[in-house]
Asks: 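The structure is given below, and queries will be raised subsequently.
Reminder, nothing fancy here: chain letters follow the sequence lines and each chain counts from 1.
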2 protein chains.
Amino acid sequence: MHKGDPISMSVIRRLPRYYRFLSELQQNGTVRISSRELAQRMGLTASQIRQDLNCFGGFGQQGYGYLVNHLYREIGTILGLNHIYPTILIGAGNLGRAVATHMAFEQRGFELTAIFDHSKRIIGHKIRHMVVQDIATLTAYCQTHSPQVAVLCLPKDSVQELAETLYDNGLRFFWNFSHYDLAMKFEDVIVENVHLSDSLMTLCYRITNAPEKE
Amino acid sequence: MHKGDPISMSVIRRLPRYYRFLSELQQNGTVRISSRELAQRMGLTASQIRQDLNCFGGFGQQGYGYLVNHLYREIGTILGLNHIYPTILIGAGNLGRAVATHMAFEQRGFELTAIFDHSKRIIGHKIRHMVVQDIATLTAYCQTHSPQVAVLCLPKDSVQELAETLYDNGLRFFWNFSHYDLAMKFEDVIVENVHLSDSLMTLCYRITNAPEKE
DNA sequence: TAGATTGTTAATCGATTAACAATC
DNA sequence: TAGATTGTTAATCGATTAACAATC
């Protein structure tokens, strides 16, 4: 790990977890913490924590440790949570509605600005403070509002159909709950996949192949 | 990688993805596929695919490749999808309801048998074919039905409160959507976490730190 | 048989852990 | 100053890729 090297995905994916633990420590009123103690709480090694943090800069003090509040805010900045990326959600079925209502987009760098669906039964319904719009009006919406991020809560086939349209309307960032592999189709796109089925199957594997405890 | 070594998490987490791609190929009517072609479609190397599969056995034929249908079923068996682990879901808020209705538990090795919540407003409602039960009756339910897996769709604090009870009722396998770190609390427990917020923050990082394309 | 592609061993690459000098 | 703990370099470990003999 030398300065200027791109940060590895392994490190990036640990950042939100650090952020969570620090948030908790802060709420407990903990002022400082050493890498050793944080490591113990998180089930990591102190070395790893120091390596991870030093990808972004020296946030600690030798002989003292890290200031919880300071580190918390630093990681928030690194994650880019101070941004407000305008975001649309497509697919207001069970999952889409849950994501729309459940997620604290504003605290994670996003602002959910519109929801689309193609089902007549759903269009017009209110979710949070938003009226579900007809997917047919998507292009018009994009031209006036230029959303940057799309949350995809549609079945695979619908996403496949829609992919081109989304791309043509300038969307390059996707939070993808479908099983359609967007990243394979477009080069210059950033896709964060949430594959719930994969997660469930992984659990099944782990249960099935768990060491017997008798 | 020697025979008898435990399979690494990296390999395990790729299995559901293989399973998905093979399912698709099967639906297309593709009979055989080489590691090279599958690799190309999935954005992996042929080497990796052969290494991964050979953790579990030799499923191919030299000079020919893999039979799609055969490999698909083999991976299903490896994943343990033929099981029917009795599963309860706790927390019937937006997310819990979406998970309950959206997931094909039966095709992933599970059977959802009961749903619990503590809110008077939700208890008694029907989700799928199930009536949401009072969380106060959880212990009684566990004693009669012995569920093995719990899906946790509660806020962090509720899970924290509930953890002991679940453990005492014999539950050792968890699909955890909350931010509470069960794996830290109990030794002999298998927890598959789905941290949607972490995923969203990771996306935020990747957008914020994406290479400029001007 | 010749061509193709696997299964498997060896080489490389990257990520984690250990060690320690720097320094608060 | 002495003790503690960081930042950083070096060592280890594991995962991915390359190479190739085995064989269909």
Asks: Where the side chain of B/Gln61 is defined as all heavy atoms beyond and including C-beta, which of C/dT16, D/dT8, D/dC24 is the nearest nucleotide?
Replies: D/dC24
Asks: What I want to find out is whether B/Arg108 reaches B/Glu192 closely enough, with some N-O distance under 4.0 Å, to be called a salt bridge.
Replies: no
Asks: Return no unless some side-chain N or O of B/Ser35 is found under 4.0 Å from OP1 or OP2 of C/dT6.
Replies: yes
Asks: Tell which nucleotide pairs with D/dA21, taking only Watson-Crick or G-U wobble pairs whose two distances are both under 3.5 angstrom.
Replies: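 Its partner is C/dT6.
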Asks: Which one, C/dT5, C/dT17, C/dA15, comes nearest to the side chain of A/Ser47?
Replies: C/dT17
Asks: In whole Å, I'd like the distance from the CE atom of A/Met42 to the P atom of C/dT16.
Replies: 13 Å
Asks: For C/dA15, which nucleotide is its Watson-Crick or G-U wobble mate, given both distances must be under 3.5 Å?
Replies: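 Base partner found: D/dT12.
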Asks: If I take atom CD1 in residue B/Ile7 and atom C1' in nucleotide D/dA15, what distance separates them, rounded to the nearest angstrom?
Replies: 13 Å
Asks: Send over the distance from A/Tyr64 OH to D/dG7 P, rounded to a whole Å.
Replies: 14 Å
Asks: Atom OG in B/Ser10, atom CG in B/Leu15: separation rounded to 0.5 Å?
Replies: 11.0 Å
Asks: Once hydrogens and angles are ignored, does a donor-acceptor distance under 3.5 Å link the base of D/dT8 to the side chain of A/Gln51?
Replies: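 By the distance-only test, no, there is no pair.
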Asks: Establish, yes or no, whether the cationic atom of A/Arg32 lies under 6.0 Å from the six-membered ring centre of A/Tyr66 and within 45° of the ring axis.
Replies: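 Judged by the rule (NZ or CZ under 6.0 Å from the ring centre, within 45° of its axis), A/Arg32 is not positioned above A/Tyr66.
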Asks: A/Leu89 and A/Gly96: which non-hydrogen atoms are nearest, and at how many Å?
Replies: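 Shortest heavy-atom contact: CD1-O, 3.7 Å.
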Asks: Tell me whether the side-chain N/O atoms of B/Arg50 come closer than 4.0 Å to OP1 or OP2 in C/dT6.
Replies: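 B/Arg50 to C/dT6 OP1/OP2: side-chain N or O found under 4.0 Å.
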Asks: When the distance from CG of B/Asn54 to P of C/dT9 is rounded to whole Å, what number comes out?
Replies: 10 Å
Asks: Are any of the side-chain nitrogens in A/Glu24 or A/Arg20 under 4.0 Å away from the carboxylate oxygens of its partner?
Replies: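 No, no charged N to carboxylate O under 4.0 Å.
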Asks: Return the value, rounded to whole Å, for the distance between atom CG of B/Leu53 and atom C1' of D/dT16.
Replies: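 From B/Leu53 CG to D/dT16 C1': 15 Å.
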Asks: Do A/Gln62 side-chain and C/dT23 base share a donor-acceptor contact under 3.5 Å?
Replies: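 Result: no qualifying N/O pair found.
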Asks: Given B/Val159, which of B/Leu154, B/Ile90, B/Asp181 fulfils the side chain to side chain contact (heavy atoms under 4.5 Å, CB included) condition?
Replies: B/Leu154
Asks: Could you give the CG-to-P distance, from B/Leu44 to D/dT16, as a whole number of Å?
Replies: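 To the nearest whole Å, that distance equals 10 Å.
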Asks: Whether A/Tyr66 contacts D/dG7 is assessed here as follows: a side-chain N or O lying under 4.0 Å from the phosphate OP1 or OP2. Is that the case?
Replies: yes
Asks: Take atom CD of B/Gln40 and atom C1' of C/dT5, then tell me their distance rounded to the nearest Å.
Replies: 16 Å
Asks: For A/Gly63 and for A/Thr45, locate the closest nucleotide of DNA chain C by heavy-atom distance; then report the residue assigned to the nucleotide nearer the 5' terminus.
Replies: A/Thr45
Asks: Taking CZ from A/Arg36 and P from C/dA18, how many angstroms apart are they, rounded to a whole number?
Replies: 15 Å
Asks: Does A/Arg32 have a side-chain nitrogen or oxygen under 4.0 Å from the phosphate oxygens OP1 or OP2 of D/dT5?
Replies: yes
Asks: Can you figure out which of D/dT8, C/dT16, D/dT16 approaches the side chain of B/Gln48 most closely?
Replies: D/dT16
Asks: Which nucleotide sits closest to the side chain of A/Arg14: D/dT8, C/dT6, C/dT16?
Replies: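 Looking only at heavy atoms from C-beta outward on A/Arg14, the closest nucleotide is C/dT16.
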